[in-house]
**Student:** 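Dumping the structure here so I can ask a few things about it.
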Amino acid sequence: MIDREENRPSWDEYFMLMAKLAATRSTCLAFPVGAVIVKNRQVLATGYNGSPSGSVHCTAQGFCYEGLSSCDASKDLPSRAVHAEANAIALAARHGISTEGATIYVTLEPCISCLKLIISAGIKEVFYETNFNIGDRLTVRDYYVQDGLIKLHKMTIRDGVAVKSGEFLTNPVSVKDGEITR
């Protein structure tokens, strides 16, 4: 028997795919990151990283600061990017949407500052794709987990789901044999 569901995304894969799509809007040249806040299987807000609204995008000028060859060429100047998680939480707040008890899907494990913001926003779970924290940051992160303030889940999207999603993004999906039939 053929399993017709094998390439259908799970709910977690579905929302992580949305976070990956949000990352395509990133204006950060160093780390494009996307985030999606979800509650009861409903999207509350999305975010991606980049310079603050109204500020010149790094993609437009090619760097965070004038005169730098790359965004990490200075040891003193911090990145101008607002992180994807912070942008998603700010968007929810701007529209009066409560994130209490929600889950956030992020393409990159939240930094400690974003993790503190996530916890303070009442978000209870984080699903992420790529590790970020190392050393002492892992220690701090693990304290929050041990205290029961947040649950962290590293995840990957199954190969079949990724292939199917890519096909959906590059080809019309609501047609059969090049024609719409109803």
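Basis for what follows: all heavy atoms, side chains included, without hydrogens, waters or symmetry-related copies.
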**Student:** Around atom CG of Asp136, are there more than 12 heavy atoms from other residues, nucleotides or ligands closer than 6.0 Å?
**Tutor:**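 Atom CG in Asp136 is not crowded, with 12 or fewer foreign heavy atoms closer than 6.0 Å.
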
**Student:** If I compare all heavy atoms of Pro32 with all of Thr107, which pair ends up nearest, and what's the gap?
**Tutor:**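 Minimum heavy-atom contact is O-OG1, 4.1 Å.
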
**Student:** Judged by atom type as modelled, is there a donor-acceptor pair below 3.5 Å linking the side chain of Gln42 to the main-chain atoms of Lys39?
**Tutor:**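 A pair under 3.5 Å: no.
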
**Student:** Please tell me whether Leu108 and Leu138 are part of a single hydrophobic cluster in this structure, the criterion being side-chain heavy atoms less than 4.5 Å apart.
**Tutor:**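 In one cluster: no.
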
**Student:** Evaluate side chain to side chain contact (heavy atoms under 4.5 Å, CB included) for Ile89 paired with Leu117, printing each intermediate quantity in order.
**Tutor:** CA-CA 8 Å; Ile89 291 168; Leu117 181 61; 3.8 Å; yes

**Student:** Taking a hydrophobic cluster as the set of Ile, Leu, Val, Met, Phe, Trp and Tyr residues connected by side-chain heavy atoms closer than 4.5 Å, whether directly or through intermediates, do Val43 and Leu17 fall within one such cluster?
**Tutor:**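 As far as the 4.5 Å side-chain criterion goes, Leu17 and Val43 are connected within one cluster.
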
**Student:** Using modelled atom types only, decide if a donor and an acceptor are shared between the side chain of Asn49 and the backbone of Val82 within a distance under 3.5 Å.
**Tutor:**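 No: the side chain of Asn49 does not pair with the backbone of Val82.
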
**Student:** Give the minimum heavy-atom separation between Pro9 and Val161, together with the two atoms involved.
**Tutor:**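 Looks like CB-CG1, 3.8 Å.
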
**Student:** Considering only heavy atoms from C-beta outward, does the side chain of Glu129 approach that of Thr156 to under 4.5 Å?
**Tutor:**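 In short, these two side chains do not touch, never coming nearer than 4.5 Å.
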
**Student:** Got a donor-acceptor contact below 3.5 angstrom from the Asn87 side chain to the Tyr48 backbone?
**Tutor:**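 Yes.
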
**Student:** Salt bridge or not for Arg158 and Glu6, using N-O below 4.0 Å?
**Tutor:**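 Not counted as a salt bridge, because no side-chain N and carboxylate O are separated by less than 4.0 Å.
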
**Student:** Give me each pair satisfying salt bridge (charged side-chain N to carboxylate O under 4.0 Å, His left out) with a member in residues 107-128, each pair once, sequence neighbours excluded.
**Tutor:**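 Matches after skipping sequence neighbours: Glu109-Arg141.
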
**Student:** Do the side-chain N and O atoms of Tyr105 and Asp12 include a donor-acceptor pair separated by under 3.5 angstrom?
**Tutor:**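 Asp12 and Tyr105 do have a side-chain donor-acceptor pair below 3.5 Å.
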
**Student:** Drop me the distance from Ile104's CD1 to Ile37's CD1, to the nearest 0.5 angstrom.
**Tutor:**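 Reported to 0.5 Å precision, the distance equals 4.5 Å.
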
**Student:** Applying side chain to side chain contact (heavy atoms under 4.5 Å, CB included) to Tyr144 and Ile119, what does each step give before you reach the verdict?
**Tutor:** CA-CA 9 Å; Tyr144 295 139; Ile119 292 166; 3.8 Å; yes

**Student:** What verdict does the side chain to side chain contact (heavy atoms under 4.5 Å, CB included) test give for Arg137 and Cys111, after you've listed the backbone C-alpha separation in whole Å, the side-chain angles of each residue and the deciding distance to 0.1 Å?
**Tutor:** CA-CA 8 Å; Arg137 292 182 295 196; Cys111 69; over 6 Å; no

**Student:** Taking it one step at a time, do Cys28 and Val33 satisfy side chain to side chain contact (heavy atoms under 4.5 Å, CB included)?
**Tutor:** CA-CA 8 Å; Cys28 178; Val33 179; over 6 Å; no

**Student:** In terms of relative ring orientation, are Trp11 and Tyr14 parallel, tilted or perpendicular, with 30° and 60° separating the classes?
**Tutor:**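 The rings of Trp11 and Tyr14 stand perpendicular, inter-plane angle above 60°.
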
**Student:** Quick one, Thr139 and Asp142 - any side-chain contact, counting heavy atoms below 4.5 Å?
**Tutor:**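 Contact flag for Thr139/Asp142 side chains = no.
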
**Student:** Find the distance between CD (Glu13) and NZ (Lys164) and round it off to the nearest 0.5 Å.
**Tutor:**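 Going from CD on Glu13 over to NZ on Lys164, the span is 11.0 Å.
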
**Student:** Does a salt bridge link Glu5 with Arg8, judged by any charged N lying under 4.0 Å from a carboxylate O?
**Tutor:**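 So Glu5 pairs with Arg8 through a salt bridge.
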
**Student:** Which pair of heavy atoms, one from Ile118 and one from Pro110, lies closest together, and at what distance?
**Tutor:**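 Smallest heavy-atom distance, with atoms named: CD1-CG, 3.8 Å.
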
**Student:** Please check if the number of heavy atoms outside Asn40 that lie under 6.0 Å from its CG is greater than 12.
**Tutor:**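 Open.
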
**Student:** To check you understand the geometry: which heavy-atom pair defines the closest contact between Val140 and Ile112, and what is its length?
**Tutor:**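 Minimum heavy-atom contact is CG1-CG2, 3.8 Å.
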
**Student:** Is there a path of hydrophobic side-chain contacts, each under 4.5 Å between heavy atoms of I, L, V, M, F, W or Y residues, that connects Met155 with Val38?
**Tutor:**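 Result: yes, single cluster for both.
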
**Student:** Do the side chains of Tyr128 and Phe31 join up, straight or via other hydrophobic residues, at under 4.5 Å, putting them in one cluster?
**Tutor:**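 In one cluster with Tyr128: Phe31, yes.
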
**Student:** Would a distance-only check, ignoring hydrogens and angles, find a side-chain to backbone donor-acceptor pair under 3.5 Å from Thr99 to Ala121?
**Tutor:**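 Confirmed, Thr99 side chain pairs with Ala121 backbone.
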
**Student:** Of all heavy-atom pairs between Ala45 and Leu91, which one has the smallest distance, and what is that distance?
**Tutor:**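 Heavy atoms only, the tightest pair is CB-CD2, 4.2 Å.
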
**Student:** Please say yes or no: joined through hydrophobic side-chain contacts below 4.5 Å, possibly via intermediate residues, are Leu115 and Leu149 part of one cluster?
**Tutor:**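 Same cluster: Leu115 reaches Leu149 through Ile, Leu, Val, Met, Phe, Trp or Tyr contacts under 4.5 Å.
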
**Student:** Ignoring hydrogens and angles, tell me if any N or O in the side chain of Thr46 forms a donor-acceptor pair with the backbone of Val36 under 3.5 Å.
**Tutor:**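 A pair under 3.5 Å: no.
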
**Student:** What salt bridge (charged side-chain N to carboxylate O under 4.0 Å, His left out) pairs are there with at least one residue in residues 144-154, not counting sequence neighbours?
**Tutor:**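 Of all non-adjacent pairs touching residues 144-154, none passes salt bridge (charged side-chain N to carboxylate O under 4.0 Å, His left out).
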
**Student:** Measure across Ser98 and Leu44 and return the closest heavy-atom pair with its distance rounded to 0.1 Å.
**Tutor:**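 So the two residues come closest at O-CD1, 3.6 Å.
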
